[in-house]
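Notes follow once the structure below has been shown.
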Amino acid sequence: RVDVTLLPRSRAKSSSELLDSVYVHQFAKGTETGAPGLIGQKLQGNGYAGETIWYDALAPKPFVAKCIDGIETGAPDKCVRTVHLASGLAAIYSFDETLLPAWRDFDAEMGPWLERIGAN
């Protein structure tokens, strides 16, 4: 399951923009292992405890998701990813970290759902 929030593009920075302007400055040393093809970097600093950024370092507009440890014991870790759509909207995706291994198919899978409502 993926929850989607749509809003005007001007109200949300894309995750790939945040990677370069915010997240990279908060990376802790070392990398995390996880989803094949993605680099995981723990964040450090105030307000970032338990958060990891997963990104594709090879793409010009990389897949980027920020994940946080599950709040309750046994609860799945949750991820958020924001993208700008051609329609002029921004889509904020919220999903379980267990979906990260399918990151290469993420946009293709979401496309038909967004198209159905004219938000692609």
Side-chain angles (χ1 to χ4, degrees):
R1 173 181 160 168
V2 176
D3 293 321
V4 181
T5 301
L6 298 173
L7 52 137
R9 182 183 210 147
S10 62
R11 296 207 33 225
K13 283 197 178 245
S14 73
S15 294
S16 60
E17 287 177 277
L18 290 171
L19 175 66
D20 291 332
S21 64
V22 177
Y23 301 146
V24 73
H25 303 291
Q26 301 299 326
F27 285 167
K29 292 187 186 236
T31 58
E32 300 294 308
T33 57
L38 292 179
I39 295 173
Q41 297 275 172
K42 288 271 187 201
L43 296 176
Q44 62 183 1
N46 293 335
Y48 291 114
E51 295 185 23
T52 304
I53 301 299
W54 294 97
Y55 64 98
D56 169 21
L58 301 177
K61 283 189 82 175
F63 177 95
V64 178
K66 182 171 77 163
C67 301
I68 188 165
D69 295 340
I71 296 172
E72 298 177 359
T73 303
D77 295 349
K78 293 299 231 176
C79 300
V80 174
R81 177 173 185 243
T82 302
V83 298
H84 289 163
L85 306 172
S87 64
L89 296 173
I92 302 173
Y93 302 121
S94 176
F95 54 94
D96 289 352
E97 190 176 47
T98 57
L99 295 179
L100 278 180
W103 69 272
R104 287 181 176 95
D105 299 322
F106 198 93
D107 292 331
E109 291 291 325
M110 294 307 301
W113 294 102
L114 294 170
E115 190 175 324
R116 288 177 70 185
I117 60 170
N120 54 336

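Note that the structure is a prediction, hence the values are computed from the model and not measured.
- When the shell of 6.0 Å around CD1 of I117 is examined, it contains more than 12 heavy atoms from other residues, nucleotides or ligands.
- One N or O on the side chain of D77 and one on the backbone of G70 form a donor-acceptor pair closer than 3.5 Å.
- E109 CD to R104 CZ: the interatomic distance, rounded to the nearest 0.5 Å, is 14.5 Å.
- L85 and F95 fall within the same hydrophobic cluster, defined by Ile, Leu, Val, Met, Phe, Trp and Tyr side-chain heavy atoms under 4.5 Å apart, directly or through other members.
- Contact check for L43 versus F27: side-chain heavy atoms found under the 4.5 Å cut-off.
- Each side chain to side chain donor-acceptor pair (under 3.5 Å) pair with one or both residues in residues 81-92, not counting sequence neighbours, appears once here: R9-H84, R81-D107.
- Looking only at side-chain heavy atoms (C-beta outward), Y48 and K42 stay at 4.5 Å or farther from each other.
- Atom NE2 of H25 is separated from atom CG of L19 by 9.5 Å, given to the nearest 0.5 angstrom.
- By the 30° and 60° cut-offs, the orientation of the rings of F106 relative to Y93 is perpendicular.
- Under the 4.5 Å side-chain heavy-atom criterion for Ile, Leu, Val, Met, Phe, Trp and Tyr, I53 and V24 are members of the same hydrophobic cluster.
- Of all non-hydrogen atoms in S15 and Y23, the two that sit nearest each other are O-CE1, 4.2 Å.
- Side-chain contact between L6 and L114 is present, with at least one heavy-atom pair separated by less than 4.5 Å.
- Closest of all the heavy-atom pairs between S16 and V64 is CA-CG2, 3.9 Å.
- Annotation: side chain of Q41 is in contact with side chain of T31 (closest heavy-atom distance under 4.5 Å).
- Annotation: side chain of V4 is in contact with side chain of M110 (closest heavy-atom distance under 4.5 Å).
- If you take CG on L38 and CH2 on W103, they are separated by 5.0 Å, rounding to the nearest 0.5 Å.
- Atom CG of N46 is separated from atom CD of Q26 by 8.5 Å, given to the nearest 0.5 angstrom.
- For the atom pair D96 CG and S94 OG, the distance stands at 8.0 Å (nearest 0.5 Å).
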